[in-house]
Participant: 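This is the structure I want to talk about, given as structure tokens.
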Amino acid sequence: MIIKNGVSLLHSPNNRMLASSAVFRRQEFLIRCLGVGGQSQQFNRKSMPRTMALEADAENILRAITPTLDLARHKGQAGKIAVIGGCREYTGAPYFSAISALKIGADLSHVFCTKDAAPVIKSYSPELIVHPLLEESYSVREEDKKAISEKVLAEVVKWMERFDCLVVGPGLGRDPFLLDCVSEIMKHARQSNVPIVIDGDGLFLVTNSLDLVSGYPLAVLTPNVNEYKRLVQKVLNCEVGDQDAAEQLLSLAKGIGGVTILRKGKSDLISDGETVNSVGIYGSPRRCGGQGDILSGSVAVFLSWARQRIIAEGDLNIRLYDFLGIS
């Protein structure tokens with residue numbers, strides 16, 4: 001619920017119709033998760049941690065980045081998202097990520113997974129476009145790995161220019177050959193300036209190969225407690241400190257070259273290496289599997305919409321961080 005001067009904006013006469021929209025309710029909830037609604041704390045490097053500020057109005061941010069409904073628009077203009085993940089062990093995570101992108105408002109959602117995972121993911125929903133292109137070590141002979149890796153990359157690259165954002169990691173697993181293939185896909189996405197949201201096992205890959213995202217402002221990392229701990233140890237060579245959490249996150253984001261990091265926790269922290277936001281609104285007290293996957297797909301949609309807005313405005317100096325409403 002959005003509150004202004006003690007009055008619910010969603011329940012005012014002028015906004016009841018807007019509040020009745022299922023899509024808007026989903027978007028407003030995810031915006032709150034990203035730190036745009038309700039009470040929050042903003043930390044500035046010069047006055048950390050005493051400086052406090054209210055976030056921008058979630059409704060205004062949604063109105064600013066959500067594509068308008070127009071009869072002249074065609075399929076795909078509201079977002080084309082691709083999830084890179086899904087293996088023998090994990091088929092639910094890529095589904096949750098991809099389907100949440102559609103539920104938030106994207107037009108098309110793809111999943112690039114292993115051949116074993118594809119039939120399972122296809123059976124979950126007819127709305128997803130599933131590509132059984134990835135391979136794991138157990139199905140590839142050593143002498144064939146190079147050729148198959150090149151083939152996988154070539155097949156994915158055919159689709160790359162169509163996507164507005166990639167989500168790398170949900171249900172990916174940690175098979176060495178599979179991770180090598182995904183590394184090449186990420187390198188090509190970066191060369192093509194495609195935004196990347198990295199979650200789950202994608203964070204395991206990035207932590208061990210920071211060059212994949214270092215200095216790439218279109219990358220968004222969404223670590224949980226353990227994933228964040230590994231990043232801090234790798235980049236800052238220290239342990240996680242709760243007393244100076246905002247400063248540490250700022251240093252971490254800056255140390256990876258200005259990527260955006262959404263640190264999930266009791267109080268979510270978000271930074272792009274320049275500013276840090278603390279989001280005090282709590283979610284479900286039950287932290288079950290799949291919640292992070294839903295967030296990753298949703299962030300991908302907001303990221304693609306924000307970038308479309310920046311391009312439409314013609315000012316590429318505007319940060320995606322600004323239009324996501326978290327600065």
Side-chain angles (χ1 to χ4, degrees), residues 76-87 90 93-102 104-114 117-118 121 128-134 149 152-173 178-207 209-223 227 256-257 259-262 292-308 310-311 320 324:
Q77 284 188 296
K80 303 178 292 293
I81 308 301
V83 177
I84 311 296
C87 61
Y90 308 115
Y95 164 76
F96 283 131
S97 182
I99 203 67
S100 69
L102 291 180
I104 288 296
D107 283 343
L108 296 168
S109 192
H110 297 246
V111 177
F112 289 83
C113 60
T114 64
I121 299 173
L128 303 181
I129 303 170
V130 182
H131 307 264
L133 298 177
L134 304 182
S149 177
V152 168
L153 178 61
E155 290 295 327
V156 177
V157 166
K158 290 179 183 178
W159 291 88
M160 189 71 71
E161 65 179 16
R162 308 186 189 191
F163 300 135
D164 298 305
C165 189
L166 297 185
V167 182
V168 176
L172 184 61
L178 178 55
L179 293 181
D180 288 342
C181 291
V182 173
S183 295
E184 295 303 315
I185 294 171
M186 291 179 66
K187 291 176 183 177
H188 187 85
R190 180 169 179 170
Q191 292 171 358
S192 303
N193 287 320
V194 177
I196 309 173
V197 177
I198 304 165
D199 188 53
D201 290 318
L203 289 168
F204 172 81
L205 172 61
V206 164
T207 301
S209 303
L210 289 171
D211 58 300
L212 291 173
V213 295
S214 181
Y216 189 48
L218 298 181
V220 178
L221 282 56
T222 59
E227 293 160 347
I256 309 178
V259 300
T260 295
I261 301 177
L262 194 167
D293 303 310
I294 292 172
L295 179 64
S296 67
S298 304
V299 170
V301 177
F302 290 130
L303 189 57
S304 66
W305 286 352
R307 190 167 188 240
Q308 288 177 12
I310 291 172
I311 294 173
L320 281 173
L324 282 173

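Throughout, residue positions are numbered sequentially from 1 according to the sequence presented.
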Participant: Give, for atom NE2 of His131 and atom CD1 of Ile121, the distance between the pair rounded to the nearest 0.5 Å.
Facilitator: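 Those atoms lie 11.5 Å apart.
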Participant: Going from CG on Leu102 to OG on Ser109, what distance comes out if it is rounded to the nearest 0.5 angstrom?
Facilitator: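 One finds 4.5 Å between CG of Leu102 and OG of Ser109.
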Participant: Please give me the minimum heavy-atom distance between Gly173 and Asp201, naming the atom from each residue.
Facilitator: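 Heavy atoms only, the tightest pair is N-OD2, 2.8 Å.
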Participant: So which heavy atom on Gly85 is nearest to which on Cys113, and how close?
Facilitator: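 Shortest heavy-atom separation between Gly85 and Cys113 comes out as O-CB, 3.3 Å.
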Participant: What are the two closest heavy atoms between Ala78 and Asp107, and how far apart are they?
Facilitator: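 Smallest heavy-atom distance, with atoms named: N-OD2, 3.0 Å.
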Participant: Could you label the plane-to-plane angle of the Phe302 and Trp305 rings as parallel, tilted or perpendicular, counting under 30° as parallel and over 60° as perpendicular?
Facilitator: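 Because their plane-to-plane angle is over 60°, the rings of Phe302 and Trp305 count as perpendicular.
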Participant: Kindly compute the distance separating OG1 (Thr114) from CG (Leu133), expressed to the nearest 0.5 Å.
Facilitator: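 Thr114 OG1 to Leu133 CG: 10.5 Å, rounded to 0.5 Å.
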Participant: Restricting to non-hydrogen atoms, name the atom on Ile294 and the atom on Ser100 that form the minimum distance, rounded to 0.1 Å.
Facilitator: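 Where Ile294 meets Ser100 most closely, the heavy atoms are O-OG, 3.0 Å.
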Participant: Please identify each residue that fulfils side chain to side chain donor-acceptor pair (under 3.5 Å) with Asp293, with sequence neighbours left out.
Facilitator: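 Side chain to side chain donor-acceptor pair (under 3.5 Å) check on Asp293 returns nothing, list empty.
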Participant: Can you establish whether the number of heavy atoms outside Tyr216 located under 6.0 Å from its atom OH is more than 12?
Facilitator: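 Check passes, neighbour count above 12.
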Participant: Tell me whether Ser183 contacts the main-chain N or O of Leu179 through its side chain, where contact means a donor paired with an acceptor under 3.5 Å.
Facilitator: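 Pair found, side chain donor or acceptor close to backbone of Leu179.
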Participant: Do the side chains of Ile81 and Ser304 get nearer than 4.5 Å, heavy atoms only?
Facilitator: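 Touching, per the 4.5 Å side-chain cut-off.
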Participant: Please set out all donor-acceptor pairs under 3.5 angstrom arising from side-chain atoms of residues 185-197, sequence neighbours excluded.
Facilitator:
| residue | atom | partner | partner atom | Å |
| --- | --- | --- | --- | --- |
| Lys187 | NZ | Glu184 | OE2 | 3.4 |
| Arg190 | NH1 | Asp211 | O | 3.2 |
| Arg190 | NH1 | Leu212 | O | 3.4 |
| Arg190 | NH1 | Ser214 | O | 3.0 |
| Arg190 | NH2 | Ser214 | O | 2.5 |
| Ser192 | OG | His188 | O | 3.0 |

Participant: Return the minimal non-hydrogen interatomic distance between Gly171 and Ala93, and the atom names on each side.
Facilitator: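 What the structure gives for the nearest pair is N-CB, 3.4 Å.
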Participant: Which residues satisfy the side chain to side chain donor-acceptor pair (under 3.5 Å) test with Thr222, sequence neighbours excluded?
Facilitator: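 For Thr222, the residues satisfying side chain to side chain donor-acceptor pair (under 3.5 Å) (neighbours in sequence not counted) are Asp199.
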Participant: Which donor-acceptor pairs under 3.5 Å do side chains of residues 152-169 form with protein atoms, sequence neighbours excluded?
Facilitator:
| residue | atom | partner | partner atom | Å |
| --- | --- | --- | --- | --- |
| Glu155 | OE2 | Lys158 | NZ | 3.3 |
| Asp164 | OD2 | Lys80 | N | 2.8 |

Participant: Closest heavy-atom contact between Val83 and Ser97?
Facilitator: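 Closest approach of Val83 to Ser97, heavy atoms only: CG2-OG, 3.7 Å.
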Participant: Are the side chains of Val220 and Val299 in touch, meaning some heavy atoms are under 4.5 Å apart?
Facilitator: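 Heavy-atom side-chain distance check passes, below 4.5 Å.
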